[in-house]
Number of protein chains: 2
Amino acid sequence: MSGRNRSNPLALAVLICLFERPMHPYEVASTLRQRHKQESVRLNYGSLYAVVASLERRRLVAPVETEREGRLPERTVYELTAAGRAEMHEWLAELVSIPSKEYPSFEAALSFLPALAPGEAVALLEERIQRLEIQLALGDAAREHVDRLGIPRLLWVEAEYRGALLHAEHEYVVRLVEEIRTGTLDGSDWWRAVFADPGRPTPVPLPGLGVHDVGHRAEKTD
Amino acid sequence: MSGRNRSNPLALAVLICLFERPMHPYEVASTLRQRHKQESVRLNYGSLYAVVASLERRRLVAPVETEREGRLPERTVYELTAAGRAEMHEWLAELVSIPSKEYPSFEAALSFLPALAPGEAVALLEERIQRLEIQLALGDAAREHVDRLGIPRLLWVEAEYRGALLHAEHEYVVRLVEEIRTGTLDGSDWWRAVFADPGRPTPVPLPGLGVHDVGHRAEKTD
DNA sequence: GTTCGGGTACTCTGCGCAGAGTATACAAGG
DNA sequence: CCTTGTATACTCTGCGCAGAGTACCCGAAC
């Protein structure tokens with residue numbers, strides 16, 4: 001009843017909007033954008049209508065009326081069902097209380113770092129640092145602006161969280177660059193050597209770790 | 001030639017494996033798993049073969065031979081093309097140097113936090129804190145284990161990064177809970193009031209921010 | 001001696017979701 | 001007055017990707 005259907009948070013956003021009052025999908029989108037939820041939840045119309053259709057199939061929402069104004073396309077207004085209210089609550093509780101494994105693309109990038117020459121890696125990481133600093137500054141500016149408008153922090157926590165992660169990433173990358181630079185990072189000597197050798201045969205050996213049970217045992221691939 | 005094709009990092013992982021030497025898809029998967037890349041890159045066979053097919057269409061990889069052992073299914077070995085080498089390098093450089101907007105599910109959860117009763121929110125966040133502490137401990141254990149095996153940190157940076165983010169999240173959530181508890185979080189009084197009122201009419205008003213241009217102006221929804 | 005788990009090597013199927021397109025109304029600008 | 005842009009309200013299309021299934025082989029266990 002729930003499992004893999006809880007993949008797209010946009011569906012949760014829809015449930016929460018309809019919890020407030022019945023709306024048609026486009027109105028849901030407008031509401032979410034007005035509240036800047038599109039910063040935290042991927043939103044586009046293609047997905048929105050698909051998601052609403054899926055919620056309807058699962059009987060979590062139901063159409064109440066379909067109105068039409070002039071010759072504009074017909075609007076179908078949906079309301080939340082009892083099951084929908086339950087699902088909303090349960091899902092949100094799960095999202096808050098259980099950290100889920102995610103795959104940030106920079107983590108992937110880092111895991112492939114030795115495939116770049118050390119010098120290039122440093123240059124690119126420094127570029128990233130600059131971009132991160134811009135984002136941090138933008139975040140601060142937004143924060144101040146919102147403060148001036150007197151918007152309570154409660155409605156801004158997601159942005160604070162984003163800022164905290166951004167800050168941590170910045171800190172980490174700065175340290176990492178420093179360690180590659182100074183050679184403090186264990187393995188960077190080998191790294192440099194491999195790329196210094198002209199005509200290296202196996203470009204990037206990346207030796208296997210040979211560890212198959214570190215903590216959380218072997219979540220299966222498939 | 002690149003754009004939306006750079007969505008799935010698994011494709012990059014494949015390119016990097018084939019950069020080392022020609023392999024068949026299953027071997028790519030085994031290699032990635034052996035090196036614990038499945039912690040950083042979503043890997044499953046269904047996607048793998050699709051991704052390889054897509055790379056082949058884009059002429060970034062090409063089949064070299066197809067062997068067969070006994071009556072086991074035929075294995076198609078792929079190699080990297082010149083275009084593939086270029087794409088690999090360019091893509092990896094982009095991934096390292098340009099931070100990309102991501103949508104961690106906890107950010108979504110936080111943005112909907114006021115839809116929960118304050119007391120419940122606190123309880124759930126505390127549950128999360130415990131789970132985060134477990135993950136941090138597991139990470140440390142893995143770290144120590146890998147240290148003992150003498151694996152250079154260079155090959156472990158992605159896990160360090162994950163740890164740093166995890167740490168930041170933990171710190172943030174602890175602070176947040178504290179602030180909700182003590183009422184230091186601006187808006188929590190209103191929050192409590194709304195949920196204290198029995199028979200509240202508009203369950204969660206979540207007033208719109210009314211800000212439409214904070215920094216980065218209006219990336220379009222569609 | 002056969003059954004059972006686990007490894008090899010893919011294939012099949014079908015929903016999810018993004019991007020682009022459609023059609024109408026309205027407001028402002030030249 | 002005619003165009004250009006923007007907002008409203010969806011629909012269409014098709015790839016991406018995950019999960020499950022297939023088919024074979026092997027070693028160990030009962």
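Just so we're on the same page: letters track the sequence lines, and every chain starts at 1.
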When you check the phosphate oxygens OP1 and OP2 of [N], does a side-chain N or O of [X] lie under 4.0 Å from one of them?
X: A:S47; N: C:dG19; value: no
X: A:N8; N: C:dG16; value: no
X: A:Y26; N: D:dC10; value: no
X: B:R42; N: D:dG16; value: no
X: B:R57; N: D:dG16; value: yes
X: A:S30; N: D:dA9; value: no

Bend angle of the helix from C:dG1-D:dC30 to C:dG30-D:dC1, from helix axes over five pairs at each end, nearest 10°: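 It works out to 0° between the end axes.
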Answer with base, sugar-phosphate or nothing: what part of the nucleic acid does B:T76 contact at a heavy-atom distance below 4.0 Å?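 B:T76: backbone/sugar contact only, no base atoms under 4.0 Å.
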Which part of the nucleic acid does B:S54 contact within heavy-atom distance under 4.0 Å: base, sugar-phosphate only, or nothing?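 Counting heavy atoms under 4.0 Å across all strands, no contact is made by B:S54.
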Does A:H167 NE2 have over 12 foreign heavy atoms under 6.0 Å away?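 Not buried by this count: 12 neighbours or fewer within 6.0 Å.
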Whole-Å distance separating the [atom1] atom of [X] from the [atom2] atom of [N]:
X: B:Y49; N: D:dG16; atom1: OH; atom2: P; value: 18 Å
X: A:M23; N: D:dC10; atom1: CE; atom2: P; value: 11 Å
X: A:L48; N: D:dT8; atom1: CG; atom2: P; value: 14 Å
X: A:R75; N: C:dT24; atom1: CZ; atom2: P; value: 17 Å
X: A:E65; N: D:dA9; atom1: CD; atom2: P; value: 13 Å
X: B:N44; N: C:dC12; atom1: CG; atom2: C1'; value: 14 Å
X: B:N5; N: D:dC15; atom1: CG; atom2: C1'; value: 10 Å
X: A:Y45; N: C:dC17; atom1: OH; atom2: C1'; value: 16 Å

Would you call the rings of A:Y49 and A:Y45 parallel, tilted or perpendicular, where under 30° means parallel and over 60° means perpendicular?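 Aromatic pair A:Y49/A:Y45 classed tilted.
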Please enumerate all residues that pass side chain to side chain donor-acceptor pair (under 3.5 Å) together with B:E79, with sequence neighbours excluded.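 Per chain and number, B:E79 pairs via side chain to side chain donor-acceptor pair (under 3.5 Å) with no residue.
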Any salt bridge between B:R6 and B:E90, counting N to O under 4.0 Å?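 Yes.
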Please determine, by modelled atom types, if B:Y161 and A:E169 share a side-chain donor-acceptor pair under 3.5 angstrom.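 A pair is found: one side chain offers a donor N or O, the other an acceptor, under 3.5 Å apart.
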Would you say B:T66 and B:R75 make side-chain contact, with heavy atoms under 4.5 Å?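 The answer is no, as the side chains (C-beta and beyond) never meet within the 4.5 Å cut-off.
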Quick one: is the NZ or CZ of A:R162 closer than 6.0 Å to the six-membered ring centre of B:Y172, and within 45° of its axis?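 Not satisfied by the 6.0 Å and 45° rule.
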